[in-house]
Amino acid sequence: MTYQTFPGEGPGHSDSISKLKALGFPGRMDGLSYLDIGCNEGFFCFEAKKRGAAVSVGVDTYAPYIDNARERGQRYNLDVDFRVGDIFDVEGQFDYILVASVLHYIKEPILFFRKVFSLLNPNGTLLLEVGVTDNDRDLTRVFRDDTDYVYPSLKFLAKNWLRDFDVNLFGESVPQVGDPVNRKVFHCHKIQSVYLAPPSASALSAISQVEGQRIDADQYFLPAVPRSLARVPEQQKEIFKAGDKFDGDVVLAFKSIAHDRSIVNYVVDVLNEAVRFQGGSKHTFVEGRIVPFISEQLSARLKPSEGFRVFRMATCDAEGSIQIGQTGAIDVQNTADVRADIEKFGAQAWAERYLLQNRTPNRALFERITKQKAYWLGPIDVPVADLIPMSGPGRKYHEDQAEWDRRADQIAKAVNSPDDIPPSIAFVRDEEDGSRKLVLADGAHRHEAFSRRGFKTMPVLLWFDNEALYMSYQARIAA
Ligand SMILES: C[S@@+](CC[C@H](N)C(=O)[O-])C[C@H]1O[C@@H](n2cnc3c(N)ncnc32)[C@H](O)[C@@H]1O
């Protein structure tokens, strides 16, 4: 009996036709590329081809399956590229990658998913069907057919093996006789965060704590090794000339050519290509004296629909000095950038990312906002005096007091206006006297810095775990 079930051939072990639906296999794949890891006799590769895929590649380590698959391909007159091998034998980029009922055979899942990440187009989809446990253990060993198989818990799968992906549970898969754990289907997309950062000491020290790919933007324009000028584009020649004129000072060089649209387009093209060429890890840092007009245009090029999430960290002004916040990685986003992110990804997504990727991650609040449904309002400007911080002078310190004070001082020096840094996060608390106060769950240093600077208001994102309260504040703010 075959493993897969082919129409008109009687049942195989797996009900492949029902599995098509359970996988959420796309109705059409016109012109797209499809890769099937552990393709067996090719059932899904043929389906991809029938749905219009321009390229359909199937790999399986077991040669007799591939022989049968090729023979079927000829019989059905469907052009599928079948290969004996595993994922590490494949190169290229694919719009869809299917990994169905295969993961329990994979001995090095971390390397496996890194490879999947590199093979998936930025806007591609990984269709993953896998047995997951619902117990508290990260991994569970199951002895079956004289072999040990290891199954992950849902949480472990998402947070560890699939950490580079945005993971969406699509649904239950088709159960099969002898399944030791339930199979589920996930649709996963690549997340590639791109941080545009000038080489400020604070930005660099913050990003050095995050694993990722670094792109030296300056070197793309003023390379260390001279090239033949005859072979470089006109715009690059202009950049060289400007670089020479300003003794290699990239900011002044760019400032002097900023009026030339063709040069700006060229710079943005080169950086856009660099990200697509050299990026490829979850976090990509483009470092260099990226002046704001380049940063803006580059952000527009790296589209969310392609899986890019761009964070413009502190940008240089035309004179090369850092314009906004010097306090750490994402906390150098300003309120306007945060508003734009919230519009694109939603407040929940922004808050989750901010709380974890901040230089001093606020895991406690992250746990709270992800455990139950959270409702968000804002950012809105709230009087500094109306906010209750949870640490700082007269309160508890969650870190060394001198360090706490130093950070507050650093922020106070770095901000020029309340909107220079990201909003704080606050929630509503009912006091014993019947009044209601806004409590800062994140942003005590900022609050202290604002008080020291004499700012009257501060931008705050409000979160609620209670729909009624959220509605009443929404009405209040609207009024
Ligand atoms: C249970 S079958 C699933 C087949 C198919 N994906 C489906 O869902 O109908 C597992 C397949 O994975 C193949 N396989 C096992 N380890 C593999 C590996 N490391 N790389 C590629 N294929 C593998 C097996 O030969 C077998 O054909």
Side-chain angles (χ1 to χ4, degrees), residues 1-7 9-26 34-51 53 56-73 76 80-92 94 96-120 125-132 142 144-152 161 170-188:
M1 196 202 242
T2 53
Y3 176 80
Q4 295 179 326
T5 301
F6 290 88
E9 291 188 33
H13 288 291
S14 169
D15 178 357
S16 305
I17 292 142
S18 302
K19 198 161 170 179
L20 259 181
K21 192 159 171 234
L23 285 173
F25 207 79
Y34 169 85
L35 172 66
D36 191 331
I37 306 294
C39 66
N40 199 258
E41 295 192 28
F43 178 88
F44 297 103
C45 298
F46 298 129
E47 291 300 324
K49 210 63 208 168
K50 287 187 211 161
R51 287 159 159 77
S56 175
V57 178
V59 291
D60 201 291
T61 41
Y62 191 56
Y65 288 150
I66 291 295
D67 289 342
N68 291 348
R70 286 185 181 136
E71 184 274 318
R72 285 179 191 284
Y76 303 156
V80 176
D81 179 357
F82 286 114
R83 306 177 196 170
V84 179
D86 66 15
I87 191 167
F88 298 99
D89 298 310
V90 183
E91 293 303 333
F94 297 87
Y96 285 99
I97 298 182
L98 174 67
V99 176
S101 310
V102 175
L103 198 58
H104 53 292
Y105 295 115
I106 303 296
K107 294 289 172 230
E108 294 180 304
I110 294 169
L111 294 183
F112 179 85
F113 282 115
R114 256 186 227 162
K115 180 71 182 175
V116 171
F117 189 92
S118 74
L119 291 173
L120 196 60
T125 305
L126 163 66
L127 302 171
L128 176 68
E129 190 242 23
V130 58
V132 287
V142 176
R144 181 184 160 207
D145 304 335
D146 285 347
T147 312
D148 262 341
Y149 293 103
V150 178
Y151 291 90
W161 292 347
F170 182 76
E172 301 292 321
S173 189
V174 187
Q176 222 176 290
V177 182
D179 272 352
V181 295
N182 288 339
R183 298 152 182 259
K184 294 194 190 304
V185 174
F186 301 92
H187 288 187
C188 311

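One-based numbering along the sequence shown. Note that ligands are numbered from 1 as they come in the structure, with each ligand's atoms numbered from 1 the same way.
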Salt-bridge present (Glu47, Lys19; N to O < 4.0 Å):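 Answer for the salt bridge query: no.
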
Counting neighbours of OH on Tyr62 that are heavy atoms of other residues, nucleotides or ligands and sit closer than 6.0 Å, is the number greater than 12?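 Open.
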
Could Arg70 and Phe82 be counted as a cation-pi pair, given that NZ or CZ must be under 6.0 Å from the ring centre and within 45° of the axis?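 Judged by the rule (NZ or CZ under 6.0 Å from the ring centre, within 45° of its axis), Arg70 is not positioned above Phe82.
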
Specify the protein heavy atom at minimum distance from [atom]: its residue, its atom name, and the distance to 0.1 Å.
atom: atom 27 (O) of ligand 1; value: Asp60 OD2, 2.6 Å
atom: atom 20 (N) of ligand 1; value: Asp86 CB, 3.4 Å
atom: atom 16 (N) of ligand 1; value: Tyr105 CB, 3.5 Å
atom: atom 19 (N) of ligand 1; value: Ile106 CD1, 3.5 Å
atom: atom 14 (N) of ligand 1; value: Thr61 OG1, 3.5 Å
atom: atom 12 (O) of ligand 1; value: Gly38 CA, 3.6 Å

Enumerated ligand 1 atoms positioned under 4.0 Å from heavy atoms of [X]:
X: Ala100; value: 3 (C), 5 (C), 6 (N), 8 (O)
X: Asn40; value: 4 (C), 26 (C), 27 (O)
X: Gln4; value: 5 (C), 7 (C), 9 (O)
X: Val102; value: 12 (O)
X: Tyr62; value: 25 (O)

Applying the side chain to side chain contact (heavy atoms under 4.5 Å, CB included) test to Phe43, which of Ile17, Thr2, Thr5 qualifies?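 That would be Ile17.
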
Tyr3 side chain to Gln176 side chain, donor-acceptor N/O pair below 3.5 angstrom: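 A donor-acceptor contact under 3.5 Å links the two side chains.
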
Does [X] reach ligand 1, in the sense of a heavy atom lying below 4.0 Å from it?
X: Lys19; result: yes
X: Phe112; result: no
X: Phe43; result: no

Do Asp89 and Val59 come within less than 4.5 Å of each other through their side chains, counting heavy atoms only?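 Not in contact.
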
Nearest 0.5 Å, please: how far is OH in Tyr105 from OG1 in Thr61?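 Rounded to the nearest 0.5 Å, the OG1-OH separation comes out at 9.0 Å.
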
Of all the heavy-atom pairs spanning Asp36 and Cys45, show the shortest one and how long it is.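 Answer, listing the atom of Asp36 first, then Cys45: CB-SG, 3.6 Å.
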
Test ring-ring contact (aromatic ring centres under 6.0 Å, His included) applied to Phe25 and Phe170, step by step: CA-CA 11 Å; Phe25 207 79; Phe170 182 76; over 10 Å; no

